[in-house]
Amino acid sequence: MSLRITLLGTGTFALPPFRALLESTEHEVVGACTQPDRTGRGHHRHVNQVKVLAEEFNIPVFQPERVNTIESLGALRELQADVFVVAAYGQILKPEFLAIPRLGAFNLHGSLLPRHRGAAPVQYAIWKGDEQTGVTMFQIEPALDSGPMVGKIETNIQPLETSGELMLRLADLSAELTLSVVHQLDLATAVFEPQDVSQVTLAPKIRKEDGNIDWTQTAVQVECQVRAMQPWPKAVTWLHSAGRKPIRCILPQVEVGAESSACRSGRIALEDGNLVVSCGSGHVNVLKIQPEGKAAMEARDFANGYGLSDAAHFGGAT
RNA sequence: CGCGGGGUGGAGCAGCCUGGUAGCUCGCAAGGCUCAUAACCUUGAGGUCGGCGGUUCAAAUCCGUCCCCCGCAA
């Protein structure tokens, strides 16, 4: 027995599971649906990696601007898929859409549902300081990330792990999970476990502003936020110093320092070459910093070149 | 042809507008001081000022062009 599978996905999160299915001899991938190409800096167009992957295996690719239109639905219906495997696709799927595959549409989600339902589960797991996370595969229902779960794999979040790094690890686990679940669907042995509604938390799409650091948070919260926002949208703060306009700075990496006496939040001190910033509770050492228009640099180099005064502090844009 | 910042000894920056001796904070090396040092003092090495072309008596600086890095926007 072999299933006909259609892939829907866009981000790097989708690549490992999609590749696993494409390389599998057990099933047949009959099509791939992904977001239209987007433009990048300058004139350059971002290469859609899912498209490249699908073309590598000579699979037909669809890139509808809106996936729920009559035309789009018709095109996908013609593939006569048994299963849709969805990962980081980026568009809401309407009921008529979900009705197309014989066995249903299944989504790969980057957290242990029902925790962190929404667009940014990986970032939220780190942001909220979770020790454990994982990937969950569930059957898609019209309501957001609410369908019955058919499999999950757990993993511990590493102390220094960023969203980007965790995302790659979860993507690899997704590949494993997908093969397992699809196999069970084929044999009709899959177990559908409803989500415990009382445990639901939300992980809405990360906005640019979510990267802005609020220095009245605890040092631990700031450090989690920095890792959660890496590599996007990146943790951001502004360097304020007397007589100069604030410099927007990205903080790619910080570490939590020892507890210390209370200082005004955002205050910067130089201690033994470290850039120490006071938080609402405790302080963090800034390890790397990237002023606007510049490449990332060691905090020590930044302090050397930018002539930090005693009054210098980090804060909001104004 | 989306907008903008940047390229100056090993690192980070100033100098450029208003052409005329290569500067600052560090790092590195040697020596000194000290019970001691990621402290302090002295000395030293290390630069085709991103590339090419132009203007000029003279270009890091002005003009043209190309290459590379980065932020924003999407």
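Letters A, B, ... are given to chains in the order of the sequence lines, protein chains preceding strands, and every chain is numbered from 1.
Taking atom P on both nucleotides, B:C16 is separated from B:C26 by 23 Å, rounded to a whole Å. B:U21 and B:U61 have their P atoms separated by 13 Å, with the value rounded to a whole Å. The gap from the C1' atom of B:A22 to that of B:C68 amounts to 24 Å, rounded to the nearest Å. For the P atoms, the distance from B:U25 to B:C62 is 26 Å, rounded to whole Å. Nucleotides B:C49 and B:G10 are separated by 12 Å at their P atoms, to the nearest Å. B:G46 and B:G5: their C1' atoms are spaced 29 Å apart (whole Å). Nucleotides B:A45 and B:G2 have their C1' atoms positioned 48 Å apart, rounded to a whole Å. B:U56 and B:G64 have their C1' atoms separated by 16 Å, given to the nearest Å.
Residues that satisfy the side chain to side chain donor-acceptor pair (under 3.5 Å) test with A:E255, not counting sequence neighbours, are A:N285. When the side-chain contact (heavy atoms from CB on, under 4.5 Å) test is applied to A:Q80, the partners found at least two apart in sequence or on another chain are A:R4.
Within 4.0 Å of A:E298, counting heavy atoms only, lies no atom of the nucleic acid at all.
The interatomic distance linking A:I247 (CD1) with B:G6 (P) rounds to 12 Å, in whole Å. When the P atom of B:G5 is taken as reference, atom CD1 of A:I250 falls 17 Å away, rounded to whole Å. Following rounding to the nearest Å, A:E292 (CD) and B:G5 (C1') show an atom-to-atom distance of 7 Å. Across the protein-nucleic acid pair, A:R207 atom CZ and B:A73 atom C1' stand 18 Å apart, rounded to whole Å.
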Item to check | Nucleic acid footprint by protein, nucleotides 8-17 of chain B - heavy-atom cut-off 4.0 Å, B for base, S for sugar-phosphate alone | outcome: ---SBS----
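A:R248 has a side-chain polar atom (N or O) that falls below the 4.0 Å cut-off from OP1 or OP2 of B:C72.
In this structure, A:R207 pairs ionically with A:D210, as a charged nitrogen and a carboxylate oxygen lie closer than 4.0 Å. Ion pairing of A:E96 with A:R77 is absent here, as no side-chain N (NZ or NE/NH1/NH2) approaches a carboxylate O to less than 4.0 Å.
Counting Ile, Leu, Val, Met, Phe, Trp and Tyr side chains that sit under 4.5 Å apart, directly or through other members, A:V200 shares a hydrophobic cluster with A:L202.
A:E131 places no side-chain N or O within 3.5 Å of a backbone atom of A:N156 that could act as its donor or acceptor partner. Formation of a donor-acceptor pair under 3.5 Å by the A:R117 side chain with backbone atoms of A:D145 is found in this model.
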With a 3.5 Å cut-off and sequence neighbours excluded, list the donor-acceptor pairs that the side chains of residues 104-115 of chain A form with protein atoms.
unit_1	atom_1	unit_2	atom_2	d
A:N107	ND2	A:V86	O	3.1
A:H109	NE2	A:S111	OG	3.3
A:H109	NE2	A:H116	O	2.7
A:S111	OG	A:R115	O	2.6
A:R115	NE	A:D130	OD2	2.9
A:R115	NH2	A:D130	OD1	2.9

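Note that CD of A:E165 and CE of A:M167 are 12.0 Å apart. Values are rounded to the nearest 0.5 Å.
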Item to check | Secondary-structure notation, RNA chain B, from Watson-Crick and G-U pairs under 3.5 angstrom (| other strand) | outcome: .(((((((.[[[[.)....(..]]]].(((((.......))))).....[[[[[..)....]]]]]))))))..
